[in-house]
2 protein chains.
Amino acid sequence: MSTSEGRPRLRLHEHPTFLLAQLGVHTTERFGSLLAPLNIQPRHVAVLSTLLDRSGISQQQLCESLHIHRNVMVGMVDELERRGLVERRRHPVQRRAHALHVLPAGAELLRKAEEILDAYEAELFESDGSDVRSAVLETLQRIATRAGVRDASQPECGGCGAGEQVPH
Amino acid sequence: MSTSEGRPRLRLHEHPTFLLAQLGVHTTERFGSLLAPLNIQPRHVAVLSTLLDRSGISQQQLCESLHIHRNVMVGMVDELERRGLVERRRHPVQRRAHALHVLPAGAELLRKAEEILDAYEAELFESDGSDVRSAVLETLQRIATRAGVRDASQPECGGCGAGEQVPH
DNA sequence: TATTGTTATACTCTATAACTATA
DNA sequence: TATAGTTATAGAGTATAACAATA
């Protein structure tokens, strides 16, 4: 009963929690629509991008980076491998692990996807200068760090843009 | 082949699209955990908050505000009504519509939920002053407007914080 | 015993459609 | 015919568990 009449109730869009939730769903959905011609989803972009940055990592490492569960990752890598975009190779030291590599077709597809992503984000920031964009990015990264999301400056931290949860 | 070697590839967390997606999922999950003792979810907070602001609206109007489909809303209102938190009354002019109202128990539960939400958002913004917080909020609202989310300044625009999609 | 990858099953959520009653 | 609400069914996605191979 401490704040029962002092300050007026906030509407949903005055709460960053709800704004972030709605923005996250909306941008993912929109980016997914823009990716449709390439026949991939945002999560595949996350996988390809991570693998291109850190070639040869295991599925397990990939799972930890993207917060996608092992069971789900199997199917995703299956599909990407079937389409000739990535490849499972023998791991140099751990024989029970696979070493994942992006194939040329995968790198080319990623390049096209990133063009689409860049265009979409340019649309998001419209007439804003690069200073505003970097300020917003920095703010989001800071909130992410505070929210408990792994340090956004670390290369092993990724976002899949699809909201998958790891079972516990 | 325009940008194939000029600028280096951006990591996932340098893309606001992926940051927003991950933040949206994370904050919703975290807020949901904090709400667990009240036995409700973020979407229920959105419903109660909207109904308290606009008492007597129909289910259809509530659906449009929160971007939740009619079919899903039936079950949500059923549950809230069963728990004595909201009530379906006769609509004064449209006999085929229901007029939704928050009951005292629902208002009390919402008050507790908003205390939890305020505490969580204070944690998100830690040592930041109210000026930083309002700047971030304004930025998010501006991006939301640009992204095509309905004008965040309009009272009939809400976010459910759960990512439900309306079938098309 | 713990880890990596895989498979199978059950469950949750949601998309689609169809229905009733009002207008 | 169109709208508000409801119900039922099927499908997509995911959690849980269990398994084989390796360490």
Side-chain angles (χ1 to χ4, degrees), chain A residues 21 25 28-29 32-33 36 39-44 46-47 51 54 56-82 86-101 160-168, chain B residues 21 25 28-29 32-33 36 39-44 46-47 50-51 54 56-82 86-101 156 160-168:
Chain A
V25 170
T28 300
E29 184 188 2
S33 299
N39 201 25
I40 55 174
Q41 297 172 353
R43 67 182 68 185
H44 300 121
V47 166
L51 289 183
R54 300 159 61 205
I57 63 173
S58 67
Q59 285 188 200
Q60 183 62 26
Q61 289 173 302
L62 182 59
C63 288
E64 288 164 2
S65 283
L66 300 180
H67 303 280
I68 295 176
H69 194 266
R70 298 177 289 161
N71 308 359
V72 177
M73 187 59 77
V74 172
M76 291 182 63
V77 176
D78 280 350
E79 185 193 346
L80 293 175
E81 194 171 36
R82 182 180 54 74
V86 305
E87 198 176 49
R88 288 175 169 107
R89 297 182 192 160
R90 292 190 52 183
H91 197 284
V93 291
Q94 285 185 287
R95 283 208 301 174
R96 66 183 168 188
H98 297 154
L100 300 176
H101 293 268
C160 58
E164 301 89 347
Q165 296 307 313
V166 175
H168 44 88
Chain B
V25 170
T28 300
E29 184 188 0
S33 300
N39 200 26
I40 55 174
Q41 297 172 353
R43 67 181 69 183
H44 300 120
V47 166
T50 302
L51 290 183
R54 300 159 63 206
I57 64 173
S58 67
Q59 284 188 200
Q60 182 63 27
Q61 290 174 301
L62 181 60
C63 288
E64 287 164 2
S65 284
L66 300 181
H67 303 281
I68 296 175
H69 194 266
R70 298 176 290 160
N71 308 359
V72 178
M73 186 59 76
V74 172
M76 292 182 61
V77 176
D78 279 350
E79 186 194 345
L80 293 175
E81 193 170 38
R82 181 181 53 76
V86 304
E87 197 176 50
R88 287 174 168 107
R89 298 182 191 160
R90 293 190 51 182
H91 197 284
V93 291
Q94 286 185 286
R95 282 208 302 174
R96 65 184 168 187
H98 296 151
L100 300 175
H101 294 268
E156 58 271 14
C160 60
E164 302 89 345
Q165 296 306 316
V166 175
H168 45 89

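Residue numbering restarts at 1 for every chain, and letters A, B, ... go by the order of the sequence lines.
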A.B. asks: Check whether any side-chain heavy atom of A/Arg95 sits under 4.5 Å from a side-chain heavy atom of A/Arg90, and report yes or no.
C.D. replies: yes

A.B. asks: Taking all non-hydrogen atoms of both residues, which atom of A/Arg54 and which atom of A/Ser65 are closest, and how far apart?
C.D. replies: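 Distance-wise, the nearest heavy atoms are NH1-OG, 2.6 Å.
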
A.B. asks: Closer than 3.5 angstrom, by distance alone: can the side chain of B/Glu81 be matched with the main-chain N or O of B/Arg88 as a donor-acceptor pair?
C.D. replies: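 Yes, B/Glu81 side chain to B/Arg88 backbone: donor-acceptor pair under 3.5 Å.
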
A.B. asks: Look at B/Arg95 and C/dA23 and indicate whether a side-chain polar atom (N or O) is within less than 4.0 Å of OP1 or OP2.
C.D. replies: yes

A.B. asks: Give the rounded distance in Å between these two atoms: CD1 of B/Ile68 and C1' of C/dC13.
C.D. replies: 13 Å

A.B. asks: Would you mind telling me which of A/Gln61, A/Gln60, A/His67 makes a side chain to side chain donor-acceptor pair (under 3.5 Å) with A/Glu64?
C.D. replies: A/Gln60

A.B. asks: Looking at A/Ala21 and B/Thr28, what are the two nearest heavy atoms and their distance?
C.D. replies: CB-OG1, 3.3 Å

A.B. asks: When every nucleotide of nucleotides 3-8 of chain C is labelled 5' to 3' by its protein contacts under 4.0 Å (heavy atoms), B for base, S for sugar-phosphate only, - for none, what sequence of letters results?
C.D. replies: BBBBB-

A.B. asks: Within this structure, what is the CD-to-P distance between B/Gln41 and C/dT12, rounded to whole angstrom?
C.D. replies: 12 Å

